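Below is one structure; the comments refer to it alone.
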Amino acid sequence: MHPEVEAFYNGTSFGCHRLLGARPAGRGWRFTVWAPHARRVQVLGDWNGWDLYTAAELAACEDGLWRGTVPAAAEGQLYKYNLLGPDGVWRMRPDLFARDGEALPGTASRLTLPPAPPPRRGALGRPVRLYELYAAGWRRHWDGRYYTGEELGRALAPYLLENGYTDVELMPLAEYPYDGSWGYQGCGYFCPSARIGGPRGMAALVGALHRAGIGVWMDFVPVHFAPDAGRMAEWDGVPMLEAGPSDWGSLRFDLASGPVRSFLQSAAAFWLEEMGCDGLRVDAVGHALQGPGGRAAAGFFAGLTDGLHRRCPGVLLAAEDTAGLAGVTQPAAAGGLGFDAVWDTGWTRDALACLSAPPGSGAGRDAFARLCGGRWRSDAILPLSHDDTAGPSLWQRLAGSGDAQRAARLLYLLQYTRPGRPLNFMGNEFGCPAPFTPFREPDWAAAAAPPHRDLAAFCRALNALHAAHPALRDPGSGFVPLRQDPDARLLAYERQAGADRLVVACNLGGADARLPVAAGGAGRGRLVFAAGPVPEGDLSVTDGRLAIRLPPFCGAVYQLT
């Protein structure tokens, strides 16, 4: 058996997409199919007018795969496989390993030669300020058409640079049948969505962002997939990829299956190696670990991160929804899962609960206590993501505080000055008043009106602050708690990297407050950033302390000198 075929069955392949699927073969194209339950496999398409009677028969080979060459097949043509299942029923299916496909609502695969991969920048070990977006909805044409990858890159790159973001995280762009799933129920794991122009559109988008110095992360979904008939479900007549239904109405991948692991590992490698992405945000990790087959999921994730780090040095792999599980960022060789970062959704939950509660409420006090009592970890992604804006928008949620703009500024200040990497979802940067929906773009008209215009300027300034101070941006910078008062909701801490020392003070309560905080040998505190109407001017150190005064729902950053 060929070593790559053996690795595919053993669950150790990261390149089975180069073995399976359709490839040019001199004159014509060669098709290689994994269909372990099929009794016969045929391929048909544009070259034979989709005539079932002249479909090309593929041969069952000794290694368990089906193979055949079609001399008449040519690049750009659509095709499908026709499989005779164990129940005697013929089923038409797209290619699981196709690199391109028919525009929706079509389901056929397309013969294509992949574009040259854009070079990766890598994301590990450098400062990161993430902007998350839904690529099919950040901007739309006036008549509702999607932006292609090329069009999106031309508009997005200057916007990110103007606003101070270093990286963009794209919600899933592996082909998916329904916009309402946001891309999280995929059906083409090696097939960039036709919404942005397929693989060439994806390459154009990544290339434009890389030329602007912007890193690109892809949201990768290895836990579940679309249940739609005629796609991936019961692909060869019986469950082949799936282990049963998920909690979201989709189908769970069988992460104990060697071929399924190879399929997913190779798909992850595809987005990094052939599409040039600099990092992956791996979806629903905690859900998989705590659900059925949790042990198999842990083994899969450890193998995934280890293999990707070996193949793609410098990429950053982030685990989503880990629910505080231990060992997620420990090396796989030490018994961990080997991720480089985790989404700290606990921070998001507690910060929003604290800042959306009316001043003086018990709920706000309890959330503040949790916010201070949680782990302060430099390997965190601090997300204000699509999940936090899809019901009521972030702006609507913060309105309960009585002043949404002031609460939003304080929220972002906490996010950018806490250890970790900040992530903001599209529209949050100007306080989009409408919830996220994949069926329309954010309310850009609101961005031009106060107070949203003012919040956008604040976010640009906050990104500039983060870029200017190693104490905030360097992954290894220090953190020292200075003040945590749940009753008054007062919080202060120091960030330090070399000679750059900052004190961050926040008043999350409803009354004017005085915060005496230790200055650690410094002589003065220079105000370098304010969230809200903070008294201007430098502060002298008296008896080793800075006496900071803050109005309600305000924060400040002082540089110690």
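On a predicted model such as this, the values are computed, not experimentally measured, just so you know.
A salt bridge does not link Arg120 to Glu273: none of the charged nitrogens lies less than 4.0 Å from a carboxylate oxygen. Look at Arg140 and Asp179 and you find a salt bridge, because one of the NZ, NE, NH1 or NH2 atoms lies within 4.0 Å of a carboxylate O, short of that distance.
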Next on the checklist: Please determine whether side-chain contact (heavy atoms from CB on, under 4.5 Å) holds for the pair Leu264 and Leu304, giving the CA-CA distance in whole Å, both sets of side-chain angles, and the decisive distance to 0.1 Å.
Outcome noted: CA-CA 9 Å; Leu264 292 168; Leu304 175 73; over 6 Å; no
Checklist entry - How far apart are the C-alpha atoms of Val282 and Thr305, what are their side-chain angles, what is the distance that settles it, and do they pass the side-chain contact (heavy atoms from CB on, under 4.5 Å) test? => result CA-CA 10 Å; Val282 182; Thr305 59; over 6 Å; no
Checklist entry - Does the side-chain contact (heavy atoms from CB on, under 4.5 Å) test come out yes or no for Leu398 and Leu352, once each step is laid out? => result CA-CA 7 Å; Leu398 294 172; Leu352 285 174; 4.2 Å; yes
Checklist entry - After noting the C-alpha distance and the side-chain angles of Trp248 and Tyr184, does the key distance pass the ring-ring contact (aromatic ring centres under 6.0 Å, His included) rule? => result CA-CA 10 Å; Trp248 302 292; Tyr184 288 97; 9.1 Å; no
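Note that Arg377 lies outside the cation-pi zone of Trp347, set by a 6.0 Å cut-off to the ring centre and a 45° limit from the axis.
Counting only distance, with no hydrogens or angles, the side chain of Thr437 and the backbone of Arg440 share no donor-acceptor pair below 3.5 Å. Using a distance-only test at 3.5 Å, with no hydrogens or angles considered, a donor-acceptor pair links the side chain of Glu320 to the main chain of Ala284. Within the 3.5 Å criterion, the main-chain N or O of Pro94 finds no donor-acceptor partner in the side chain of Ser109. At distances below 3.5 Å, not a single donor-acceptor pair connects side-chain atoms of Gln185 with backbone N or O atoms of His224. Without hydrogens or angle criteria, His452 side chain to Gly431 main chain gives a donor-acceptor distance under 3.5 Å. Side chain of Ser193 to main chain of Ile196: no donor-acceptor pair is present (N/O by atom type, distance under 3.5 Å, no hydrogens or angles). A donor-acceptor contact shorter than 3.5 Å links the side chain of Glu102 to the backbone of Ala108. The main-chain N or O of Cys459 is never found under 3.5 Å from a side-chain atom of Glu429 such that the two would form a donor-acceptor pair. Judged by distance alone, the side chain of Ser13 and the main-chain N or O of Ser262 form no donor-acceptor pair under 3.5 Å. A donor-acceptor contact shorter than 3.5 Å links the side chain of Gln265 to the backbone of Gly11.
Rounding to the nearest 0.5 Å gives a distance of 10.5 Å between CZ of Arg23 and CG of Leu111. Distance CH2/Trp34 to CG/Leu20: 9.0 Å, rounded to 0.5 Å. With values rounded to the nearest 0.5 angstrom, Leu160 atom CG is found 11.5 Å from Arg129 atom CZ. Separation of atoms CZ (Phe270) and CE (Met218) is listed at 9.5 Å; rounding is to 0.5 Å. Interatomic distance, Glu274 CD to Ser266 OG, rounded to the nearest 0.5 Å: 10.0 Å. Once rounded to the nearest 0.5 Å, the distance linking CG of Leu423 with CG of Leu130 reads 5.0 Å.
With no hydrogens or angles considered, no side-chain donor-acceptor pair links Arg99 and Thr112 at under 3.5 Å. When only modelled atom types and interatomic distance are considered, Thr417 and Tyr493 share a side-chain donor-acceptor pair under 3.5 Å. For the residue pair Tyr131/Asn463, the side-chain donor-acceptor check at 3.5 Å is not satisfied. For the residue pair Asp278/His210, the side-chain donor-acceptor check at 3.5 Å is satisfied. Looking at Tyr412 and Asn428, their side chains never bring a donor and an acceptor atom within 3.5 Å of each other. Side-chain atoms of Tyr147 and Glu441 form no donor-acceptor pair, as typed in the model, at a separation below 3.5 Å.
Within the 4.5 Å cutoff, no side-chain heavy atoms of Tyr165 are placed close to those of Ile214. Proximity of Met240 to Leu96: side-chain heavy atoms (C-beta onward) are separated by under 4.5 Å at one or more points. Inter-residue side-chain proximity for Arg195 and Glu175 is flagged as met; some heavy-atom pair is nearer than 4.5 Å. Counting heavy atoms from C-beta outward, Glu242 and Phe225 have side chains that approach closer than 4.5 Å. Looking at heavy atoms from C-beta onward, Leu411 lies in side-chain contact with Leu394 at the 4.5 angstrom threshold. For the pair Phe14 and Arg310, the minimum side-chain heavy-atom distance is 4.5 Å or more. In this structure, His469 and Arg495 have side chains that are not in contact, with every pair of non-hydrogen atoms separated by 4.5 Å or more. By the 4.5 Å heavy-atom criterion applied to side chains, Asp500 and Gln559 are counted as neighbours.
Considering only residues two or more places apart in sequence or on other chains, Ala332 meets the side-chain contact (heavy atoms from CB on, under 4.5 Å) condition with Ala302, Asp306.
Ring orientation note: the planes of Trp138 and Trp444 are nearly perpendicular, at an angle over 60° on the 30°/60° scale. Relative ring orientation between Phe458 and Phe529 is described as tilted, the plane-to-plane angle lying within the 30° to 60° band.
If you look at Phe253 and Tyr189, their ring centroids are closer than 6.0 Å. Ring centroids of Phe97 and Phe263 are separated by less than 6.0 Å, placing the two rings close together.
Contact detail for Val315 and Leu308: the closest heavy-atom pair is CG2-O, 4.5 Å. Minimum heavy-atom separation, Cys354 to Ala367: N-CB, 3.5 Å. Smallest separation of non-hydrogen atoms from Leu255 and Pro222: CD2-O, 3.7 Å. Contact between Ala318 and Trp217 at its shortest, heavy atoms only, is CB-CZ3, 4.4 Å. Between Ala22 and Asp95, the shortest heavy-atom contact is N-OD2, 3.7 Å. Scanning all heavy atoms of the two residues, the minimum distance from Leu414 to Cys506 falls at CD2-SG, 3.7 Å.
Pairs passing the salt bridge (Lys or Arg N to Asp or Glu O under 4.0 Å) check and including a residue from residues 456-471, sequence neighbours excluded, do not occur.
Checked options Phe436, Tyr134, Phe439; the residue passing with Trp182 is Phe436 (criterion: ring-ring contact (aromatic ring centres under 6.0 Å, His included)).
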